[in-house]
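See below for the structure under consideration.
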Number of protein chains: 2
Amino acid sequence: MVQSTRITSVEVAKVAGVSQATVARSFAAPHKVSDKSRQKVLEAAQSLGYVPNAIARSLKSQTTNIIGAVVPARSEYWQHLVAEISQQLAERGSQLLLFTFAKPSEVSSVVEAVRQYRVDGVLLASAFIDHEAMVDVTSLGVPAVAFNHPEAVDISASVSVDNEAGSAELAAHLVETGHRSVAFVGGNPETGSDRLRYRGAAKELRSHGIVCPYIGAGSFDYDAGYGIAEALLQHFGGVEGLPDALMVAGDELAFGVVDGLRALGTSVPDDVSITGFDGLPQATWAGYDLTTLVQPAEELIREALGVLAGTSDERSHLTVKGFVRVGRSSRRPAVQGES
Amino acid sequence: MVQSTRITSVEVAKVAGVSQATVARSFAAPHKVSDKSRQKVLEAAQSLGYVPNAIARSLKSQTTNIIGAVVPARSEYWQHLVAEISQQLAERGSQLLLFTFAKPSEVSSVVEAVRQYRVDGVLLASAFIDHEAMVDVTSLGVPAVAFNHPEAVDISASVSVDNEAGSAELAAHLVETGHRSVAFVGGNPETGSDRLRYRGAAKELRSHGIVCPYIGAGSFDYDAGYGIAEALLQHFGGVEGLPDALMVAGDELAFGVVDGLRALGTSVPDDVSITGFDGLPQATWAGYDLTTLVQPAEELIREALGVLAGTSDERSHLTVKGFVRVGRSSRRPAVQGES
DNA sequence: GCATCATATGACTACGTAATCATCTGGGCA
DNA sequence: TGCCCAGATGATTACGTAGTCATATGATGC
């Protein structure tokens with residue numbers, strides 16, 4: 001049943017006995033066509049196997065109905081968000097052109113592709129995208145939203161979770177549940193997320209008289225967390241020296257820290273409480289059951305897409321509040337009488 | 001620095017003092033242009049901020065350089081594959097138009113979009129895509145590859161891991177390491193993957209005199225696995241009644257089974273060995289350290305893209321061997337003298 | 001019955017590029 | 001010097017659609 005010749009709106013028009021314009025209108029603006037004509041057109045289209053050509057439409061209408069997303073290839077967090085982005089775009093009838101990069105050096109070629117395809121808007125996982133690349137993207141007039149990168153104030157819109165407040169909330173929760181010493185395990189220190197999450201935690205803890213040291217794992221991935229576990233034990237002089245809690249800068253990183261510590265005989269949460277940040281689906285998996293700050297992915301992306309669609313302010317810099325999810329990776333408050 | 005007027009190859013030609021055709025050639029086929037002309041063109045393009053329009057190119061050349069992928073929205077396995085697909089396409093200079101669906105009912109509208117955008121090829125996560133949808137996709141003459149769905153013999157090409165052989169290998173490994181009773185925990189029983197994996201396991205085990213019952217979790221996701229744990233214990237009459245090993249039809253499902261059993265006080269692997277299937281990155285996470293059959297994702301996708309690119313046979317039905325990864329979720333062979 | 005007007009329709013064109021074809025240029029060789 | 005050919009270039013056209021404008025159709029009011 002493969003079409004031998006390309007079926008265009010012209011062929012359909014011929015068969016239906018109307019003009020090409022009427023065929024086009026029957027698909028793009030059905031209300032502008034009489035019921036009778038539309039009926040004839042749809043029948044002809046059906047019998048010929050006609051499918052409107054979105055490429056030609058895009059060229060003529062100067063709008064592709066495609067949103068681009070530029071994200072790191074290997075990241076549980078971004079995979080999570082991409083799933084949400086894709087679903088919301090489908091609801092809006094838009095398409096998703098997905099660009100991934102394994103190394104920052106790949107970003108420039110990716111950006112070039114984004115520009116060539118004339119997408120209607122771009123979502124940028126910008127913690128890893130440098131200033132120059134963002135300027136390049138926006139220079140063609142493409143609306144762009146920097147995701148979790150509020151520093152991009154002068155370049156494009158941005159949508160972020162409130163990293164600092166969220167981290168402070170987590171810290172407050174730890175204090176409330178009886179933790180008196182806390183250390184922060186950072187991810188990639190060059191990202192704003194990392195800095196803000198540490199700052200939020202440190203400020204809140206200081207207000208309770210707790211000094212919170214920063215220990216860097218270098219990146220946000222599982223292996224970095226797993227690898228830092230031994231260094232943590234050394235740094236604190238063994239299990240007994242560990243603080244009451246470790247606040248980890250991201251969930252995936254936290255999974256690694258949890259597993260790394262457990263592999264070294266440390267119990268989580270009995271020897272040390274662990275918190276994460278992101279609210280990944282895996283955080284609810286019983287093996288981790290991570291106390292974490294849940295980013296409201298659905299809301300974040302709705303706002304981001306709103307900016308791209310022009311329904312929100314194009315220069316807005318939005319911050320969305322997350323909420324604390326309490327799991328068993330952090331201790332419950334000690335009950336009076338227990339030790 | 002936003003362009004007020006759209007810059008086209010015509011403007012560049014004017015500034016460079018050449019024809020539009022030469023500008024087009026300078027980008028699409030540089031070797032067909034003299035160094036001098038190309039130089040002038042590139043300078044002019046640079047100064048004007050010209051970016052070739054891929055939409056117009058696609059319309060004229062009847063090839064979009066875009067590959068579509070239709071996958072379920074929430075699946076660790078597919079997220080894993082999408083990352084790989086995206087990376088390989090980037091290497092080939094192609095783009096990825098990603099379509100996800102949460103429910104099978106969404107597939108038809110997704111397929112319509114695939115057809116409209118005239119993608120050069122489609123990858124289908126076909127275990128969840130019905131026959132009609134696949135016919136629709138291919139009816140426009142778009143090359144399609146069904147992924148892990150060898151039943152689609154008469155419709156399109158397919159690329160699959162050897163489910164049956166892989167499952168048999170896992171079973172053989174269990175027998176070798178001293179397991180004498182094994183049950184199979186299935187996912188979605190309507191998928192070929194599920195059936196073939198059970199068949200491979202059952203056959204191999206039978207050849208060793210072991211009868212392998214099938215217990216269905218209903219789907220391949222974590223929650224299904226977590227939920228089936230209690231039913232498993234009931235079915236076998238408690239921890240003591242459990243078989244030596246549970247072969248689980250997919251990794252994500254296996255994570256759930258592991259966590260569910262552990263939550264009920266069952267030790268993995270001391271009380272029961274668990275194996276998975278897929279070889280997800282999380283299978284190597286120390287919390288699970290799953291014995292599983294690793295699908296060679298890189299190879300699978302290279303083959304699939306090869307079919308789409310026409311470098312492989314378009315009607316080929318390829319099967320790729322996986323390999324067993326041994327983790328601590330299954331017991332090591334009992335040493336002589338130990339119990 | 002005629003004028004008026006809203007709606008439906010058709011002819012035409014442009015979106016920006018790449019392929020085709022014809023023309024031109026310059027170097028090699030007799 | 002003159003001829004020939006390969007490579008470079010330009011003019012032209014088509015890809016399939018949607019918007020613009022003008023015309024046709026039918027319903028309404030007097």
Side-chain angles (χ1 to χ4, degrees), chain A residues 3 5-42 44-45 48-66 113 115-120 140-142, chain B residues 3 5-42 44-45 48-66 113 115-120 140-142:
Chain A
Q3 300 296 345
T5 170
R6 315 306 292 168
I7 304 298
T8 74
S9 57
V10 176
E11 335 278 337
V12 176
K14 211 163 292 173
V15 171
V18 299
S19 71
Q20 178 270 331
T22 298
V23 175
R25 277 188 281 256
S26 295
F27 286 93
H31 62 279
K32 289 189 166 184
V33 174
S34 69
D35 290 349
K36 202 178 53 173
S37 294
R38 184 153 19 89
Q39 182 78 10
K40 284 190 294 181
V41 167
L42 293 182
L48 291 173
Y50 169 71
V51 177
N53 186 322
I55 300 298
R57 181 200 310 147
S58 297
L59 179 59
K60 176 60 184 169
S61 65
Q62 300 286 45
T63 165
T64 53
N65 204 21
I66 296 176
R115 286 151 55 95
Q116 293 201 4
Y117 277 87
R118 301 297 196 267
V119 295
D120 290 347
L140 269 188
V142 178
Chain B
Q3 300 295 345
T5 170
R6 315 305 293 168
I7 304 297
T8 73
S9 56
V10 176
E11 335 277 336
V12 175
K14 210 164 291 175
V15 171
V18 298
S19 71
Q20 179 271 332
T22 297
V23 174
R25 278 190 281 255
S26 295
F27 287 92
H31 61 280
K32 289 189 166 184
V33 174
S34 70
D35 290 350
K36 202 177 56 175
S37 294
R38 183 153 19 88
Q39 182 79 10
K40 282 190 298 184
V41 167
L42 293 181
L48 291 172
Y50 168 71
V51 177
N53 186 324
I55 299 299
R57 181 200 308 146
S58 297
L59 179 60
K60 175 63 185 166
S61 64
Q62 301 286 44
T63 166
T64 53
N65 204 22
I66 297 177
R115 285 150 56 92
Q116 292 201 5
Y117 276 89
R118 300 297 196 268
V119 295
D120 290 347
L140 268 187
V142 178

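Residues B:Ala44 and B:Val15 come closest through the heavy atom pair CB-CG1, 3.7 Å. Of all non-hydrogen atoms in B:Ala13 and B:Gln20, the two that sit nearest each other are CB-N, 3.6 Å. What you find for B:Tyr50 and B:Pro52 is that their closest heavy atoms are OH-CA, 3.4 Å. Contact between B:Ala56 and A:Leu59 at its shortest, heavy atoms only, is CB-CD1, 3.8 Å.
Summarising the geometry, the separation between NZ on B:Lys40 and P on D:dA8 is reported as 14 Å, rounded to the nearest angstrom.
Relative to the axis of its first five pairs, the axis of the last five pairs of the helix from C:dG1-D:dC30 to C:dA30-D:dT1 sits at 30°, rounded to 10 degrees.
A heavy-atom distance below 4.5 Å is not found between the side chains of B:Val51 and B:Ile7. Under the 4.5 Å side-chain criterion, counting only non-hydrogen atoms from C-beta, B:Ser19 is in contact with B:Thr22. Side-chain contact check for A:Thr8 versus A:Asn53: every heavy-atom pair is 4.5 Å or farther apart.
For B:Thr64 (side chain) and B:Arg118 (main-chain N/O), a donor-acceptor pair under 3.5 Å exists by modelled atom type.
The shortest distance between the side-chain N/O atoms of B:Ser37 and the OP1/OP2 oxygens of D:dT9 is below 4.0 Å.
A:Arg38 CZ to A:Phe27 CZ: the interatomic distance, rounded to the nearest 0.5 Å, is 11.0 Å.
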List the steps, then state whether side chain to side chain donor-acceptor pair (under 3.5 Å) holds for B:Gln116 with A:Arg57. CA-CA 10 Å; B:Gln116 292 201 5; A:Arg57 181 200 310 147; 2.9 Å; yes

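The footprint of chain A on DNA chain C, defined by a heavy-atom cutoff below 4.0 Å, extends from C:dA8 to C:dG16.
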In 5'-to-3' order, the base (B), backbone-only (S) or no-contact (-) status of each nucleotide in nucleotides 13-18 of chain D, using a 4.0 angstrom heavy-atom cut-off, is -BBBBB

